[in-house]
There are 2 protein chains.
Amino acid sequence: MGNKSTRDHIVESADQLFYQQGFEHTSFADIAGVVKISRGNFYYHFKSKDEILDAVINLRLTDTAKMLGLWDGMSETPADRIRSFINILVTNRAKIKQHGCPVGTLVNELARLDHAAKSNASKIFSLFRGWLSKQFLQMGCGGESDGLAMHLLARSQGVASLATAFQDEAFIYLEVKQMNDWLDKCIKAHPLPEIQAPQV
Amino acid sequence: MGNKSTRDHIVESADQLFYQQGFEHTSFADIAGVVKISRGNFYYHFKSKDEILDAVINLRLTDTAKMLGLWDGMSETPADRIRSFINILVTNRAKIKQHGCPVGTLVNELARLDHAAKSNASKIFSLFRGWLSKQFLQMGCGGESDGLAMHLLARSQGVASLATAFQDEAFIYLEVKQMNDWLDKCIKAHPLPEIQAPQV
DNA sequence: GTCTATACGCCGATAGAC
DNA sequence: GTCTATCGGCGTATAGAC
């Protein structure tokens, strides 16, 4: 169990390289250099580069689901769980500044290439979307929950994009603070079911 | 004057293709197919593919500057000028859904490739940033102006990114409405110098 | 399972005729 | 200015030895 198979090594290394360099720009030679196998050996484990991409996307899907599960167990309130999401921007600020958001960059690259796996990759976004929507629903946001989830997802993407473009980590901190403030307003606008306070 | 040179044709076609397919994914054969010249002919006009990229970036810089100049002349108030910026998301919704934001996708691709032209490309973002900042300053936002410009730029990027990922034009309309509402709040928070109203 | 050797195509770029 | 022909390299993918 502790020993990772060559196949796992390939997928994990490809995962990193696809993030850092992009899918198309990453060659078998690049992955081979990290995993330290020969180029020919890939085809024992995968039929094509696209199959490696599928494996990487599936890895990210399971990893994301695991992380969301962890966040579910870490906080008492849905608002605090949403803060777990917001704060990954700060946690990963260095890598985001260099390579952007791992989800957004992959989905947008595949969309642009009109790659067959693009809909599969966007399922990673859907995981975050559904999870966030669930939290907003638990906060009492009702029918607005999905819209709020999309809004927060979009803001995170925008922050990552500009942090990369301007090589600016301080901007991440600023926007994360504003997102947390925005969340506070959402909490006040949607109090617990018992006490219906007037809206702003 | 009315006749465009072959060089101009190359740059304009490359501009479109870089937007639709990405810089790296676009080959000389692709551009040649649109301009209808032979591959060898490129090298009379440009020394390398990177020189075509430079020309494309310069074209976008001048086009962007022109557009911002037009917006300056189109509206009376800085807030209405900012709305011109917000509304391009709606105007270009179909293309954004397909290929994302032309500025963001190029800058992020070049950043990921660690391409020499990446800082040059991000100057297009800087044009928008400086122009927006100027408008917020005229609205009386003072030292917050640049932060507000970055905030709006980031939200636009996020909207474009998710619209592409989820193939969702309706989301663009929703978020554009929210950005316009947000701008209204900014106006109320920063009234004309004569009348200082209390903050929210 | 992993290797070496190699096929085959596309890429950016060059040379030189017209 | 535009063309054809071609080079050298790297890309994915295959064949077959070990």
Side-chain angles (χ1 to χ4, degrees), chain A residues 1-57 106 109-110 112-118 120-121, chain B residues 1-59 106 109-110 112-118 120-121:
Chain A
M1 279 282 283
N3 288 338
K4 278 168 191 168
S5 67
T6 301
R7 197 197 128 99
D8 291 339
H9 271 298
I10 292 171
V11 176
E12 285 167 19
S13 301
D15 182 30
Q16 297 297 315
L17 287 169
F18 289 176
Y19 174 40
Q20 294 162 6
Q21 310 185 335
F23 166 69
E24 202 179 17
H25 190 65
T26 300
S27 69
F28 283 87
D30 290 332
I31 308 173
V34 174
V35 185
K36 276 165 187 131
I37 57 169
S38 68
R39 266 163 295 158
N41 194 6
F42 282 102
Y43 295 88
Y44 173 78
H45 302 280
F46 303 93
K47 281 179 194 163
S48 68
K49 195 183 175 186
D50 284 353
E51 270 200 9
I52 300 181
L53 176 60
D54 285 337
V56 167
I57 292 172
L106 181 66
E109 181 185 355
L110 296 182
R112 181 180 263 216
L113 298 178
D114 205 28
H115 193 285
K118 72 175 178 182
N120 210 8
Chain B
M1 276 284 284
N3 289 337
K4 277 168 191 168
S5 68
T6 301
R7 198 197 128 100
D8 290 340
H9 270 300
I10 292 171
V11 177
E12 285 167 20
S13 301
D15 182 31
Q16 296 297 314
L17 287 169
F18 289 175
Y19 174 40
Q20 294 163 5
Q21 309 184 334
F23 166 69
E24 201 179 16
H25 189 65
T26 300
S27 69
F28 281 87
D30 291 331
I31 309 173
V34 175
V35 185
K36 279 169 185 126
I37 56 170
S38 69
R39 266 163 295 157
N41 194 6
F42 281 103
Y43 295 87
Y44 174 78
H45 302 280
F46 302 95
K47 281 179 193 162
S48 69
K49 194 184 176 187
D50 285 352
E51 271 200 7
I52 300 181
L53 176 61
D54 285 337
V56 167
I57 293 172
N58 286 334
L59 175 67
L106 181 66
E109 180 184 357
L110 296 182
R112 181 179 263 217
L113 298 179
D114 205 27
H115 193 285
K118 72 176 177 181
N120 210 8

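Distance check: Ile57(A) CD1 to Leu110(A) CG gives 6.0 Å after rounding to the nearest 0.5 Å. Rounding to the nearest 0.5 angstrom, the gap separating the CG atom in Asn120(A) from the NZ atom in Lys118(A) is 12.5 Å. Interatomic distance, Leu53(B) CG to Glu24(B) CD, rounded to the nearest 0.5 Å: 11.5 Å.
Going from atom CG of Asp50(B) over to atom P of dC11(C) covers 16 Å, rounded to whole Å. Between the P atom of dA13(C) and the CZ atom of Phe46(B) lies a distance of 13 Å, rounded to the nearest Å. The distance between atom CD1 of Ile10(A) and atom P of dG1(C), rounded to the nearest whole Å, is 12 Å. The separation between Phe42(B) atom CZ and dC3(D) atom C1' is 13 Å, rounded to whole Å. Between Tyr43(A) atom OH and dA13(D) atom P there is a gap of 4 Å when expressed in whole angstrom units.
Ser48(B) has no side-chain polar atom (N or O) that falls below the 4.0 Å cut-off from OP1 or OP2 of dG12(C). Considering only side-chain N and O atoms, Thr6(B) lies nowhere under 4.0 angstrom from the phosphate OP1 or OP2 of dG1(D). Of the side-chain N and O atoms in Asn41(A), one or more sit less than 4.0 angstrom from OP1 or OP2 of dC3(C). One finds a side-chain N or O of Tyr44(A) lying less than 4.0 angstrom from the OP1 or OP2 phosphate oxygen of dG1(C).
Smallest separation of non-hydrogen atoms from Phe23(B) and Arg112(A): N-NH1, 4.2 Å.
Aromatic ring centroids of Tyr43(B) and Phe28(B) lie under 6.0 Å apart.
For residues 5-20 of chain B, the pairs satisfying side chain to side chain donor-acceptor pair (under 3.5 Å) are Ser5(B)-Asp8(B), Asp15(B)-Arg60(B), with sequence neighbours left out.
Annotation: proximity of residues 12-39 of chain A to DNA chain D (heavy atom, distance under 4.0 Å) is found for Thr26(A), Ser27(A), Phe28(A), numbered in ascending order.
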